[in-house]
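Below, read A as the first sequence line, B as the second, and so on, with proteins coming before strands; counting in each chain starts at 1. Fair warning: this is a prediction, and the values are worked out from it, not measured in the lab.
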Number of protein chains: 2
Amino acid sequence: MNKGKHTKQQILATALNVATATSLNDLTIGGLATVTGMSKSGLFGHFNSKENLQLEVLEYAQTIFIESVIVPTNQVKPALDKLLLTIECWLDWYQSQGNSCIFVAASVEFDDQPGVVRDLVKKRLQKWLAYLTGMVEQAIDEGSMRGDAKQIVFELYSLYLGSEHMAWVGFEDAQHSRFKLALKSLISRHQHN
Amino acid sequence: MNKGKHTKQQILATALNVATATSLNDLTIGGLATVTGMSKSGLFGHFNSKENLQLEVLEYAQTIFIESVIVPTNQVKPALDKLLLTIECWLDWYQSQGNSCIFVAASVEFDDQPGVVRDLVKKRLQKWLAYLTGMVEQAIDEGSMRGDAKQIVFELYSLYLGSEHMAWVGFEDAQHSRFKLALKSLISRHQHN
DNA sequence: TATGAAAACGAACGTTCGTACTTTTTAGTG
DNA sequence: CACTAAAAAGTACGAACGTTCGTTTTCATA
């Protein structure tokens with residue numbers, strides 16, 4: 001790999017950490033340069049605009065996400081098992097990111113800010129929801145689940161968001177027991193015996 | 001009312017609109033001055049710091065919220081009816097704010113930014129969750145509901161967050177039918193016959 | 001090893017923002 | 001009406017940020 005591509009990957013790795021811990025806007029070029037031990041302009045040259053930096057950070061986050069939760073479950077069957085394992089990997093990934101999801105955070109940050117960043121965030125979240133929905137649909141097709149796939153995913157994703165939010169607020173056991181309990185209930189309600 | 005207090009209320013009203021539509025950080029003093037037709041320093045004099053402005057906007061939002069969803073349900077009994085009406089008012093208020101909640105947005109914006117603003121946001125959300133929990137507990141005491149009050153509130157609030165988030169993403173019917181359907185299911189699962 | 005391109009640097013610019021200071025205008029009161 | 005305190009305006013400053021430009025250093029390769 002070229003030197004340039006190599007350092008760029010390093011930059012993106014720490015940039016993702018910073019952006020996840022703070023936000024895509026608080027991810028400042030000068031600050032990122034300091035953290036990575038580079039000069040502002042030297043770092044800037046890799047992206048040529050802050051917007052591009054933000055986009056590339058999101059793309060980088062996406063590759064990490066895919067490696068962490070899509071790939072490890074790729075060959076799992078049947079669909080219900082795959083779904084459950086995916087949720088586990090999803091939570092592990094979420095935890096590895098310091099208990100926050102940059103896509104969810106960015107969706108709040110950019111929801112009123114038209115542009116390519118917002119479009120990308122929305123697209124990624126749509127893809128993820130569609131992916132989950134597809135798995136549930138397949139589980140239904142296989143006869144191991146029943147109900148409306150989209151409604152199930154709606155409730156599943158809601159629990160994820162609720163867990164993230166209420167854990168921050170300090171709601172009792174929001175992060176662990178409450179989510180798993182609700183998830184168990186959700187699954188069993190839509191499971192075929 | 002003094003002239004000062006009067007214009008301050010006007011400022012806060014439009015400030016809440018701006019902050020809800022964008023964010024508490026994007027709520028800029030100069031911009032707010034332009035919108036309200038004042039000078040930057042004239043407006044600044046009412047708050048003496050941006051942090052105070054943010055705090056007062058949140059307090060103002062709180063008073064609106066109380067007027068909109070706490071007061072109208074204050075005398076309703078039994079607790080289950082009060083809970084259902086509260087949820088209705090809650091959604092109405094949410095819609096009146098342009099389908100976004102400044103407290104939720106601020107919780108994401110300030111989650112990593114220690115200070116009085118973050119503390120206030122967290123406190124308000126805690127109070128709201130405790131308020132909901134209290135109502136559910138009372139409904140349980142009255143024999144019209146059963147289950148773990150906190151778990152029920154956890155799932156209820158999760159659905160609210162999911163509805164807000166997924167409506168933005170464009171998930172089918174997230175905002176209306178899906179929330180109400182899930183809510184109905186949640187209630188009926190914990191209702192005593 | 002020599003060379004040209006890529007990468008990194010240093011300094012500076014334009015803009016935006018919060019804030020401080022001073023002055024002018026407004027409004028309430030004796 | 002006069003007077004004073006509050007409210008609003010005008011101006012300015014310093015810091016932070018994204019970005020540009022010219023230069024220097026590093027690296028891959030011939």
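Judged as a side-chain hydrogen bond (donor to acceptor under 3.5 Å, both in side chains), and not counting sequence neighbours, the contacts of B/Asn25 are B/Gln54, B/Glu109. For A/Val71, the side chain to side chain contact (heavy atoms under 4.5 Å, CB included) criterion is met by A/Ile66, not counting sequence neighbours. Applying the salt bridge (charged side-chain N to carboxylate O under 4.0 Å, His left out) test to A/Glu155 and every residue at least two apart in sequence or in another chain returns A/Arg189. Residues forming a side chain to side chain contact (heavy atoms under 4.5 Å, CB included) with B/Ala19 (at least two apart in sequence, or on another chain): B/Leu24, B/Leu27, B/Val57, B/Ile102.
A/His6 places its NE2 atom 11 Å from the P atom of C/dA8, with the value rounded to the nearest Å. For the pair B/Gln10 CD and D/dA8 C1', the interatomic distance rounds to 14 Å; values are reported in whole Å. Distance A/Lys5 NZ to D/dC27 P: 17 Å, rounded to the nearest Å. The distance between atom CZ of A/Phe47 and atom P of C/dA7, rounded to the nearest whole Å, is 12 Å.
Using five terminal pairs a side, the axes of the helix from C/dT1-D/dA30 to C/dG30-D/dC1 at its two ends make an angle of 10°, given in steps of 10 degrees.
Applying the salt bridge (charged side-chain N to carboxylate O under 4.0 Å, His left out) test to residues at least two apart or on different chains, none of the pairs has a partner in residues 69-98 of chain A. Counting only residues at least two apart or in different chains, salt bridge (charged side-chain N to carboxylate O under 4.0 Å, His left out) contacts with residues 173-183 of chain A comprise A/Arg178-B/Asp148. Within the structure, side chain to side chain donor-acceptor pair (under 3.5 Å) contacts touching residues 110-134 of chain A (residues at least two apart or in different chains) are A/Glu59-A/Arg124.
The hydrophobic cluster around A/Leu181 extends to none of the other residues, as no ILVMFWY side-chain heavy atom falls under 4.5 Å of it. A/Leu85 belongs to a hydrophobic cluster whose remaining members, ordered by chain and number, are A/Val76; membership requires side-chain heavy atoms of ILVMFWY residues under 4.5 Å apart, directly or through intermediates.
Between A/His46 and the phosphate of C/dA6, there is no side-chain N or O to OP1/OP2 separation shorter than 4.0 Å.
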Checklist entry - Along nucleotides 9-21 of chain D, 5' to 3', which nucleotides get a B, which get an S, and which get a -, given that the test is a protein heavy-atom distance under 4.0 Å? => result BB------SBBBB
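A heavy atom lying under 4.0 Å from DNA chain C marks none of the residues of residues 105-117 of chain A.
A salt bridge does not link A/Lys150 to A/Glu137: none of the charged side-chain nitrogens sits closer than 4.0 Å to a carboxylate oxygen.
Of the residues A/Lys8, A/Lys50, A/Lys5, the one that meets the salt bridge (charged side-chain N to carboxylate O under 4.0 Å, His left out) test with A/Glu56 is A/Lys8.
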